Undergrad: 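Got a structure for you, questions after.
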Amino acid sequence: MNIFNDFRQEVLTALEGLQATEPRLKGCEMLAVTLEAPRDPSHGDFSTNAAMVLSKQAGMKPREIADLLCGALRRDSRFEKVEVAGPGFINLRLTADFWRGALAAILADADQYGVSKIGAGIRVSIEYVSANPTGPMHVGHTRGAVFGDTLANLMEKAGYQVCREYYINDAGGQVDVLARSAYLRYREALGEDIGEIPEGLYPGDYLKPVGRAIAARDGGKWLSEPEEKRIEFFANFAVIEMMKLIKDDLRSLNIVHDTFFSERILHHNAESVKPIQDYFRDLGFDTDDYFSRRGDPDKSAVEAAVHALKQKDLIYNGVLEPPKGKLPDDWEPRPQTLFRATQFGDDVDRALKKSDGSSTYFASDIAYHHDKFRRGYSHMIDVFGADHGGYVKRMTAAVAALTGGKGVLDVKICQLVRLLRNGEQVKMSKRSGNFVTLREVVDEVGPDAVRFMMLYRKNDAPLDFDFAKVTEQSRDNPVFYVQYAHARICSVLRNAQDAFPGFLTETADLLLLRDETELSLIRLMAAWPRMVETAAQMHEPHRIAFYAHDLASAFHGLWNKGNDDPQLRFIVSGQKDVTLARLALIRAIKGVIASALAILGVAAQEEMR
RNA sequence: GUGCCCGUAGCUCAGCUGGAUAGAGCACAAGCCUUCUAAGCUUGGGGUCGCAGGUUCGAAUCCUGCCGGGCACGCCA
């Protein structure tokens, strides 16, 4: 259900028919034949490059092919006009009746309109957010969160089977820092004066409740426990609490993941996990399910992944060259366990083990992606922040290596968000703990504005987020503009109830839609299914936001025509037939805007008050 | 120094995965309007698509080299 595909097929069929009578067209490769909407609407509804693309292969002039093709296409009565133009384009204009029929089809599909099967049920794992479990989310995380969540919605709409994943970085140094910070708050809760939070620990107030909770439950018990045991307890307890915070933050933006995957589990085998099973259970991670998938119960996932790479002869011990140009101060040659990332397009081979023998973050991430693949996700998407750009090549290299090229990883990098208040940039410093949290932003402007604005820009372009602008009720604010279009339609439909009680748009005679602006809105809506498909295939949810804005804009334009000419209003008193036809049109628009907003995760308001 | 991303109107950005005379909003200028929901409408000026080559019927889009900006750069996560 994508009219561009339908009519492209029509062109291909016509070409096949011509092959019977024109030997020079035989055996031509048709892949490059496209059908698209010309930029200039006066050129028609569609235009195909077939004649130009085939010219060389067939050894015919574009014009010659075009004339033949035009003749064939003219037999289809849905075309009002078929003509050759420019260097050999064939411009196709469909009849107004065809478009009215398209509107009827859109209405018949209702909320299923735009749903696509192009994903063919392919399983795709989308990993996004994956903020360290060391505190609440700040605005820096927000863009990736919204991007990933919307991409998931979009790909589901396009027929993919999506898993929304959060990778909990609950292993490594930052968890240790978290544990020590929480312990300090625990001592504070017991009445000790802890003074300033030392450099290197997390200063935020959000750890105070954690300290208090432990103090209330266990009293002073942990003061006398050996440090190792204490750290482990505080780490586990704090991570679980922090994940609760983070999940709440995400929920405020209507983001809910399907899977929370623990990094820490990747370092355990079936035996060593037993003493800390409570931790994983509290985290909401199903270890039974996890280990039931694993081939070798004696190996951790990291060991298994490294082993798998070793078997492919992709691991060696070596010394890396120092980076050319800027030499790190403390550089010294070191033998390391390295993965041959250069064989898969990376710039250097990458370390898998630290000098103390423990594995690197990269090694865990390899194991994690290995696990995704084994779960059946041959298509993986990672959403990272701009500062992780340098990580992309090694990760795609690792996926290619581990899956023998069967797995595909696309890493989407979200650029920074610049917060503006009254035109001034809001300064943030992580060190002082003075950062704006996600929750603060959502509480101030609401989830709809946050979500829409985060998507109203390509992911790889930086983004300005202006507190004043996103809550402004004006045309300058795209969130408002789109929601307002939807609300306006709802309002008209309510008013129509008064003018024509009990009306049914199902009985509307669409032939009464005659105005060119009305027909162009149908054309715009007819492009929606293709919009969903391309945006999903390209992993570019921002296209949906722009489309929604375009459609809203076209609708507002139609509305404004009614201001100038009362005959063009949606509700024309005393003319029930015309009114019904127009109500059918705007009901379809309402449906498409609502579909777009649903993908974006933005509420479709019934009224704007 | 190397890699990745970006460079499009005065500003903020789109550009449908190579198509025709490159678009929108803001700002600017002129005129109109006071509403089926007010948060307006119409029209106009404004461009070396960073620069230079290349690929081809055709390039903002693909390739190469420069210029400029951001990010990253052996065990952090």
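Quick caveat, the model's predicted, so the values are computed rather than measured. Below, chains carry the letters A, B, ... as their sequence lines are ordered, and counting in each starts from 1.
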Undergrad: Within less than 4.0 Å of OP1 or OP2 of rG40(B), is there a side-chain N or O belonging to Asn563(A)?
TA: no
Undergrad: Taking donor-acceptor contacts at under 3.5 Å, does the side chain of Asn91(A) reach the base of rA20(B)?
TA: yes
Undergrad: Between Met453(A) and Val445(A), does the side-chain contact (heavy atoms from CB on, under 4.5 Å) criterion hold? Intermediate values first, please.
TA: CA-CA 11 Å; Met453(A) 291 313 294; Val445(A) 307; over 6 Å; no
Undergrad: Between rA14(B), rA38(B), rG74(B), spot the one nearest the side chain of Phe546(A), thanks.
TA: rA14(B)
Undergrad: rG15(B), OP1 or OP2 - any side-chain N/O from His542(A) closer than 4.0 Å?
TA: yes
Undergrad: Using only heavy-atom distances, decide whether a donor-acceptor pair under 3.5 angstrom links the side-chain of Ser47(A) to the base of rA20(B).
TA: yes
Undergrad: Only pairs with both distances under 3.5 Å count, Watson-Crick or wobble alike; so what is the partner of rG10(B) in this structure?
TA: rC26(B)
Undergrad: Report the residue (Phe4(A) or His549(A)) whose heavy-atom-nearest nucleotide on RNA chain B is the more 5′ of the two.
TA: Phe4(A)
Undergrad: Return the value, rounded to whole Å, for the distance between atom CZ of Arg39(A) and atom P of rA22(B).
TA: 7 Å
Undergrad: If you check every side-chain atom of Thr534(A), which of rG74(B), rC16(B), rA77(B) has the closest atom?
TA: rC16(B)
Undergrad: Find out whether Arg394(A) and Phe339(A) are in side-chain contact, i.e. whether some heavy atom of one side chain is under 4.5 Å from a heavy atom of the other.
TA: no
Undergrad: Looking only at atom C1', what distance separates rC41(B) and rU35(B), rounded to whole Å?
TA: 11 Å
Undergrad: Check the surroundings of atom NZ in Lys353(A): do more than 12 heavy atoms from other residues, nucleotides or ligands lie under 6.0 Å from it?
TA: no
Undergrad: Ignoring hydrogens and angles, are the base of rU37(B) and the side chain of Arg494(A) linked by a donor-acceptor pair under 3.5 Å?
TA: yes
Undergrad: Within the pair Lys353(A) and rG74(B), is there a side-chain N or O less than 4.0 Å away from OP1 or OP2?
TA: no
Undergrad: How far, in whole Å, is rC28(B) from rC36(B) if one measures between their C1' atoms?
TA: 33 Å
Undergrad: Could you measure between the two P atoms, the one in rG10(B) and the one in rC49(B), and give it in whole Å?
TA: 12 Å
Undergrad: For Ala37(A), report the nucleic acid contact type (base, sugar-phosphate, nothing); a contact means any heavy atom under 4.0 Å.
TA: base
Undergrad: Do Met525(A) and Leu585(A) have side chains that get closer than 4.5 Å, going by heavy atoms?
TA: yes
Undergrad: Give a yes/no answer on whether the side chain of Ser355(A) brings an N or O atom under 4.0 Å of OP1 or OP2 in rC75(B).
TA: no
Undergrad: Could you tell me the separation between the NZ atom of Lys393(A) and the P atom of rC4(B), rounded to a whole number of Å?
TA: 4 Å
Undergrad: Check each of Asp347(A), Asp346(A), Thr342(A) against Lys393(A) using the side-chain hydrogen bond (donor to acceptor under 3.5 Å, both in side chains) test, and report the only one that passes.
TA: Asp347(A)
Undergrad: Would you say whether Phe480(A) stacks on rA39(B)? The test is a distance between ring centres of less than 5.5 Å and an angle between planes of less than 30°.
TA: no
Undergrad: Should rU37(B) form a Watson-Crick or G-U wobble pair with both distances under 3.5 Å, which nucleotide is its partner?
TA: none
Undergrad: Between rG7(B) and rC62(B), how many Å separate the two P atoms, rounded to a whole number?
TA: 10 Å
Undergrad: Could you identify the nucleotide paired to rC4(B), looking across every strand shown and requiring Watson-Crick or G-U wobble geometry with both distances under 3.5 Å?
TA: rG70(B)
Undergrad: Tell me whether the ring of His43(A) lies stacked over the rA20(B) base, given a 5.5 Å limit on centroids and a 30° limit on the plane angle.
TA: yes
Undergrad: Can you tell me the base-pairing partner of rG47(B)? Count Watson-Crick or G-U wobble geometry only, both distances below 3.5 Å, and say none if there is no partner.
TA: none
Undergrad: Provide, to the nearest angstrom, the distance between the CG atom belonging to Asp410(A) and the P atom belonging to rC5(B).
TA: 12 Å
Undergrad: For rC11(B) and rC16(B), measure between their C1' atoms and round to the nearest Å.
TA: 25 Å
Undergrad: Heavy-atom count check: over 12 atoms from other residues, nucleotides or ligands less than 6.0 Å from Glu321(A) CD?
TA: no
Undergrad: Contact class for Glu607(A) (heavy atom, under 4.0 Å): base, sugar-phosphate, or nothing?
TA: base
Undergrad: By nearest atom, which of the nucleotides rU37(B), rA77(B), rG19(B) is closest to the Ser491(A) side chain?
TA: rU37(B)
Undergrad: Consider the side chain of Asp387(A), meaning its heavy atoms from C-beta on, and name the nucleotide among rC71(B), rA77(B), rG15(B) that approaches it most closely.
TA: rC71(B)
Undergrad: So Arg350(A), base contact, sugar-phosphate only, or nothing? Heavy-atom distance under 4.0 Å.
TA: nothing
Undergrad: Can you tell which of rC26(B), rA20(B), rA14(B) lies closest to the side chain of Asp476(A)?
TA: rC26(B)
Undergrad: Between rA22(B) and rG47(B), how far is it from one C1' atom to the other, in whole Å?
TA: 9 Å
Undergrad: Can you tell me which nucleotide in rA39(B), rC5(B), rG1(B) comes closest to the side chain of Gln415(A)?
TA: rC5(B)
Undergrad: Under a 4.0 Å threshold between the charged nitrogen and the carboxylate oxygen, would Asp464(A) count as salt-bridged to Lys469(A)?
TA: no
Undergrad: Measure distances between side-chain N and O atoms of Tyr391(A) and base N and O atoms of rA72(B), and say whether any donor-acceptor pair falls under 3.5 Å.
TA: no
Undergrad: rG74(B) and rU12(B): how far apart are their C1' atoms, nearest whole angstrom?
TA: 40 Å
Undergrad: On RNA chain B, check which nucleotide each of Gly86(A) and Tyr484(A) is closest to and give me the residue with the more 5' one.
TA: Gly86(A)
Undergrad: Using OP1 and OP2 only, check whether a side-chain N or O of Lys458(A) sits under 4.0 Å from rG15(B).
TA: yes
Undergrad: Would you name the heavy atoms of Met395(A) and Asp365(A) that are closest together and state the gap between them?
TA: CE-O, 3.6 Å
Undergrad: If I take atom CG in residue Leu352(A) and atom P in nucleotide rC76(B), what distance separates them, rounded to the nearest angstrom?
TA: 11 Å
Undergrad: To the nearest angstrom, how far is Asn560(A) atom CG from rC33(B) atom C1'?
TA: 11 Å
Undergrad: Whole angstrom is fine here: how far is it from CG in Asn459(A) over to C1' in rA14(B)?
TA: 14 Å
Undergrad: Please tell me which of the listed nucleotides, rG40(B), rU56(B), rG74(B), lies nearest to the side chain of Lys56(A)?
TA: rU56(B)
Undergrad: When you compare rA59(B) with rU42(B), how far apart are their C1' atoms, in angstrom units rounded to a whole number?
TA: 35 Å
Undergrad: Choosing from rC5(B), rC75(B), rA14(B), which nucleotide comes nearest the side chain of Ala461(A)?
TA: rA14(B)
Undergrad: Between rG19(B), rC36(B), rC75(B), which one does the side chain of Gln336(A) approach most closely?
TA: rC75(B)
Undergrad: With distance as the sole criterion, do the side chain of Arg488(A) and the base of rC36(B) form a donor-acceptor contact below 3.5 Å?
TA: no
Undergrad: Are the ring centres of Phe261(A) and Tyr166(A) closer than 6.0 Å?
TA: no
Undergrad: Within less than 4.0 Å of OP1 or OP2 of rG74(B), is there a side-chain N or O belonging to Arg334(A)?
TA: no
Undergrad: With heavy atoms under 4.0 Å as the rule, sort Gln473(A) into base, sugar-phosphate or nothing.
TA: base
